[in-house]
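Order of the sequence lines sets the chain letters (A, B, ...), proteins ahead of strands, with each chain counted from 1.
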Amino acid sequence: MSKAALDRLVEHLRDGVISTHAHRGDETAVIDRSLIRSACLWLRDTEGLEFNMLSDLTAVDYYTMGREPRFEVVYHLHSLTLKQRLRVKVGVPEEDPVVDTVCDIWQVANWCEREVWDLYGIRFKDHPDMRRILMYEEFDGHPLRKDYPKDKRQPLYRRPQHEIDEALAGRPGSGHRPGFGPRNLLES
Amino acid sequence: MGLEATTGRLADAVAWARKYSLFTYPFATACCAMEYMSLMGPRYDVARYGAEFPRFSPRQADMLLVVGTITERQAPVLKRIYDQICEPKWVVSFGVCASSGGFYQNYTTLPGIDHVIPVDVYIPGCPPRPEQVLDALVMLQDKIQRHDGYSQRMIELEKREAQMKKKKKHGSSTETSA
């Protein structure tokens, strides 16, 4: 589909391209982390490429596969004028999870990068507003990392214990136990 | 004695009136809301049970219908809505997500709204059929008639405690005067 675009990127970056692959039209280039900004600008502004839309920006955690570097940030580019797509990836090591922002190249990257920060803990250098976007500020950790325990809960609202105890104590005169909570099932 | 019997009957009459005029606050967050719509529609017609009036202000509602998945981030909002409803109030948990978290077991979903607010009737199902909801509504009406809703019991308890306090105070004052 966009083999020409991939070839031009390889030709342009030369040693900056770490690997490429293409399977049924998903031309992908893994490039050097430090080159991401210049590469994105070039891909957007060069005639014949014109990737004027960032359709997605996301990340992958290869923790369970033991790959090095652990993370990968993925950029899905789309050209509305030339109707072609290209995928660009950068590897991000665990010790230094920082990538340059592309917010000023495609504005949509602002929220996408916040999402990646929120769920994977990868920071974006020079991002204007690097806050969590989905989880609450009190949340500890980054839940889409593969080493985040899948059933760990971090309640934002905790019902006071005395309220639960009172409700379960059996009220005088009511003749019935308040019917709520799994604890009620266990006790009866 | 006679007075007690009369007030008892009055309370029953009030409960009877309440159970047939439930104003619902639909806290609809997910796909169960589709079933809620069919429940409200002419085919299942919840109006037959007197609960046809959705109020989108908690101040005007007595029945909180939690329809759909509640996330941890929404839990304080739900609690706040519940607190804003005037007593007596009733809570119906509509569908498995609201009741237990359903098939979600992860960092983001509340495993049942009973972690946050007391629930009177649970409706299983993903989503529940409208008949199930009507059944739950009838169960809730029974509960109201029995003065057995959670907030009803709390009101009763508060009344008793106030009476006891009054009696104690009264008793102690007579003791000192004697």
Contacting region of Lys150(A) [heavy-atom separation from chain B under 4.5 Å]
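Contact with chain B: backbone and side chain both.
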Out of Ala75(B), Pro111(B), Gly112(B), return the one with the most heavy atom pairs under 4.5 angstrom to chain A.
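Ranked by contacts with chain A, first place is Pro111(B).
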Atom [atom1] of [X]: over 12 foreign heavy atoms under 6.0 Å:
{"X": "Lys146(A)", "atom1": "NZ", "value": "no"}
{"X": "Asp15(A)", "atom1": "CG", "value": "no"}
{"X": "Arg48(B)", "atom1": "CZ", "value": "yes"}
{"X": "Phe23(B)", "atom1": "CZ", "value": "yes"}
{"X": "Met139(B)", "atom1": "CE", "value": "no"}
{"X": "Tyr62(A)", "atom1": "OH", "value": "yes"}

Heavy-atom contacts under 4.5 Å, residues 109-127 of chain A to chain B:
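Result: Leu119(A).
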Only heavy atoms, only distances under 4.5 angstrom. Which residues in residues 131-142 of chain A are near chain B?
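Result: Ile133(A), Leu134(A), Met135(A), Tyr136(A), Phe139(A).
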Quick one: are Tyr107(B) and Leu144(A) in side-chain contact, heavy atoms under 4.5 Å?
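The answer is yes; the side chains approach within 4.5 Å.
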Can you find a heavy atom in the side chain of Leu110(B) that is under 4.5 Å from one in the side chain of Arg153(A)?
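They are in contact (side-chain heavy atoms under 4.5 Å apart), so the answer is yes.
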Between Gln105(B) and chain A, which part of the residue has a heavy atom less than 4.5 Å away: side chain, backbone, both or neither?
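Both parts, backbone and side chain.
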Could you state whether [X] and [Y] fall into the same hydrophobic cluster, counting links through intermediate Ile, Leu, Val, Met, Phe, Trp or Tyr residues with side-chain heavy atoms under 4.5 angstrom apart?
{"X": "Val98(A)", "Y": "Phe71(A)", "value": "no"}
{"X": "Ile123(B)", "Y": "Leu137(B)", "value": "yes"}
{"X": "Tyr82(B)", "Y": "Tyr25(B)", "value": "yes"}
{"X": "Met63(B)", "Y": "Ile113(B)", "value": "no"}
{"X": "Leu140(B)", "Y": "Met154(B)", "value": "no"}

Nearest non-hydrogen partners of Pro155(A) and Glu72(B), listed with the distance
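Scanning both residues, the minimum pair turns out to be CA-OE1, 3.4 Å.
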